[in-house]
2 protein chains.
Amino acid sequence: MSHPPVSVPHDHGACVHEALARAQTICDARGVKLTPLRGQVLEIVWRSHKPAGAYEVLDELQKVHKAARPPTVYRALEFLEAEGLIHRIESQNAYLGCIEAGAPHSSQFLICRGCGAAEEIADRELDAAIAVAAKRARFKAERKTVEISGLCARCT
Amino acid sequence: MSHPPVSVPHDHGACVHEALARAQTICDARGVKLTPLRGQVLEIVWRSHKPAGAYEVLDELQKVHKAARPPTVYRALEFLEAEGLIHRIESQNAYLGCIEAGAPHSSQFLICRGCGAAEEIADRELDAAIAVAAKRARFKAERKTVEISGLCARCT
DNA sequence: CGGGCAACGTTACATTGTAACGCTGCTGCG
DNA sequence: CGCAGCAGCGTTACAATGTAACGTTGCCCG
């Protein structure tokens with residue numbers, strides 16, 4: 001599986017479709033349920049490569065599911081994050097579809113302040129450097145978050 | 001200047017005092033004003049090595065400054081962060097005194113879910129690894145945030 | 001066939017963050 | 001000197017984000 005940068009134009013419909021299919025496969029394999037609601041939330045998050053806020057998701061969700069309320073969305077987001085299908089972008093209180101769904105990994109993002117897009121990277125050396133730094137401080141790392149903000153190639 | 005880990009017992013009163021003195025020096029040198037209000041907020045943030053939320057700071061501030069309101073605190077925090085005197089811990093919507101005040105650097109934290117303390121580290125190799133990863137993606141990095149959560153040596 | 005649990009509905013509220021506007025005191029400049 | 005302009009702060013109101021708590025439904029498994 002390859003993951004070209006999101007800054008490269010691509011067929012985003014296919015991109016979303018593949019993500020949903022993969023999510024379904026992963027959930028089936030784990031014996032957890034990707035219910036229609038959760039699938040809809042995942043699809044909404046995947047609609048763009050810009051992190052989506054919970055209330056943004058809520059607004060979208062309500063278009064097809066009038067009864068949706070904040071807890072509806074937060075529960076779905078919590079589930080999706082727990083299963084590694086989306087990531088939370090801490091610096092924006094927002095969520096982004098995960099490009100490496102299924103394989104546990106640290107979350108590393110390049111967040112463009114120009115276009116708002118966030119690109120997930122999976123840099124092993126960076127991951128290793130984090131592990132070393134934690135080890136040096138005798139710290140047991142559980143969750144590693146790297147968020148780099150700045151300007152992407154096209155917005156420079 | 002050396003910075004022993006916060007997990008090592010130390011004279012925290014002196015720790016705070018030094019931070020305030022350094023802040024004053026830095027602001028003087030830059031021609032910006034560390035007003036009494038800002039100083040109080042800085043002191044409150046420095047009181048512990050646990051990140052302090054804005055409303056936590058507000059509660060404390062109101063004990064000596066009854067008129068304080070949310071904007072009061074947010075303005076002070078914004079100023080202090082802009083001057084590099086405190087860091088925002090994104091994953092907690094909270095603030096922490098900066099141990100390297102004055103020297104611009106990326107913010108890297110080890111956040112213990114046991115005791116709640118956050119320790120800032122200034123790992124050059126980690127910083128370099130981030131720079132490399134960004135460069136590889138032709139991304140112009142401006143702000144680099146690393147937040148590693150887990151268990152500190154004492155809480156393991 | 002019913003106990004227990006996961007998923008979701010529903011209401012209300014808690015927490016976090018901002019917009020907008022006014023006042024005051026200092027500072028630089030004519 | 002006098003005042004224009006701005007930084008700093010006060011004040012009110014509100015926007016945005018996140019959660020607690022409890023009820024309902026339907027399914028699975030004993």
Side-chain angles (χ1 to χ4, degrees), chain A residues 23-24 26-28 30-45 50-83 85-96 116 147, chain B residues 23-24 26-45 50-83 85-96 116 118 147:
Chain A
Q24 189 59 259
I26 291 167
C27 288
D28 287 350
R30 291 182 187 165
V32 296
K33 284 180 248 184
L34 186 65
T35 63
L37 191 67
R38 290 165 176 174
Q40 281 159 11
V41 168
L42 182 57
E43 193 267 331
I44 290 168
V45 169
K50 300 182 189 178
Y55 280 68
E56 226 169 302
V57 171
L58 178 56
D59 287 346
E60 284 303 307
L61 184 59
Q62 282 181 334
K63 290 180 184 172
V64 296
H65 188 98
K66 204 141 169 277
R69 295 282 176 263
T72 316
V73 168
Y74 282 104
R75 285 167 186 157
L77 292 172
E78 187 180 10
F79 169 87
L80 295 170
E81 197 188 4
E83 297 301 327
L85 302 174
I86 61 174
H87 287 290
R88 179 183 168 87
I89 307 295
E90 304 289 358
S91 57
Q92 302 190 53
N93 296 339
Y95 299 82
L96 188 68
E147 295 180 14
Chain B
Q24 189 60 258
I26 290 166
C27 288
D28 287 350
R30 291 181 187 167
V32 296
K33 285 178 248 187
L34 186 66
T35 64
L37 191 68
R38 289 166 176 173
Q40 283 159 9
V41 168
L42 181 57
E43 193 267 333
I44 290 167
V45 169
K50 300 181 193 180
Y55 280 69
E56 226 170 301
V57 171
L58 178 56
D59 288 345
E60 283 304 305
L61 184 59
Q62 283 181 333
K63 291 180 183 171
V64 296
H65 188 97
K66 207 145 165 275
R69 296 282 176 266
T72 315
V73 168
Y74 281 103
R75 285 166 185 158
L77 292 172
E78 187 181 11
F79 169 86
L80 295 170
E81 197 188 4
E83 297 302 326
L85 302 173
I86 61 175
H87 288 289
R88 179 182 169 86
I89 307 295
E90 304 289 358
S91 56
Q92 301 189 44
N93 296 338
Y95 299 81
L96 187 69
E147 297 180 15

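The chains referred to below are lettered A, B, ... by the order of the sequence lines, with proteins before strands, and numbering in each begins at 1. None of these values were measured; they are calculated from a predicted model.
The side chain of A/Ala67 has C/dG9 as its nearest neighbour among C/dG9, D/dC9, C/dA7. Among D/dG8, C/dT10, C/dA19, the nucleotide with an atom closest to any side-chain atom of A/Pro71 is C/dT10.
The residue among A/Phe79 and B/Tyr74 whose nearest nucleotide of DNA chain C lies closer to the 5′ end is A/Phe79. In this structure, B/Pro70 and B/His65 both approach DNA chain D, and ranking their closest nucleotides by distance from the 5' end singles out B/His65. Two residues, B/Ala68 and A/Tyr95, neighbour DNA chain D, and the one matched to the more 5' nucleotide by heavy-atom proximity is B/Ala68. Toward the 5′ end of DNA chain C lies the nearest nucleotide of A/Ala76, the other residue of the pair A/Ala76 and A/Arg69 mapping further downstream.
Phosphate contact (OP1/OP2 of C/dT16, side-chain N/O of A/Asn93, threshold under 4.0 Å): absent. Within the structure, a side-chain polar atom (N or O) of B/Arg88 is placed less than 4.0 Å from OP1 or OP2 of C/dG17.
With a 6.0 Å radius and a threshold of 12 heavy atoms from other residues, nucleotides or ligands, B/Glu78 has its CD atom at or below the threshold.
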Discussion item. Between B/Arg38 and B/Lys33, is the side-chain contact (heavy atoms from CB on, under 4.5 Å) condition met? List the steps.
Written reply: CA-CA 9 Å; B/Arg38 289 166 176 173; B/Lys33 285 178 248 187; 4.3 Å; yes
Discussion item. Using the rule given for side-chain contact (heavy atoms from CB on, under 4.5 Å), can you reason through A/Val32 versus A/Phe79, listing the C-alpha separation, both sets of side-chain angles and the distance that settles it, and then say yes or no?
Written reply: CA-CA 10 Å; A/Val32 296; A/Phe79 169 87; 4.0 Å; yes
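Between the side chain of A/Arg75 and the base of D/dG18 there is no donor-acceptor pair of N/O atoms closer than 3.5 Å.
Summarising the geometry, the separation between CZ on B/Arg38 and C1' on D/dG10 is reported as 14 Å, rounded to the nearest angstrom. In this structure, CG of B/Leu61 is placed 17 Å from C1' of C/dT16, rounded to the nearest angstrom. Between the CG atom of A/Leu58 and the C1' atom of C/dT10 there is a distance of 13 Å, given to the nearest Å. Across the protein-nucleic acid pair, B/Leu37 atom CG and D/dG8 atom C1' stand 9 Å apart, rounded to whole Å. Note: CD (B/Gln40) to C1' (D/dC9) measures 13 Å, nearest angstrom. One atom, CG of A/Leu77, and another, P of D/dT17, lie 13 Å apart when rounded to the nearest Å. Protein atom CD of A/Glu90 is 14 Å distant from nucleotide atom P of C/dT16, rounded to whole Å. Distance B/Lys33 NZ to D/dA7 C1': 6 Å, rounded to the nearest Å.
Residue B/Tyr55 and nucleotide C/dT16 are classified as a stacked aromatic pair, their ring centres being separated by less than 5.5 Å at an interplanar angle below 30°.
Using a 4.0 Å cut-off between a side-chain N of Lys or Arg and a carboxylate O of Asp or Glu, B/Glu60 and B/Lys63 qualify as a salt bridge.
Residue B/Tyr95 forms a side-chain hydrogen bond (donor to acceptor under 3.5 Å, both in side chains) with just one option from B/His87, B/Arg88, B/Glu81, and that option is B/Arg88.
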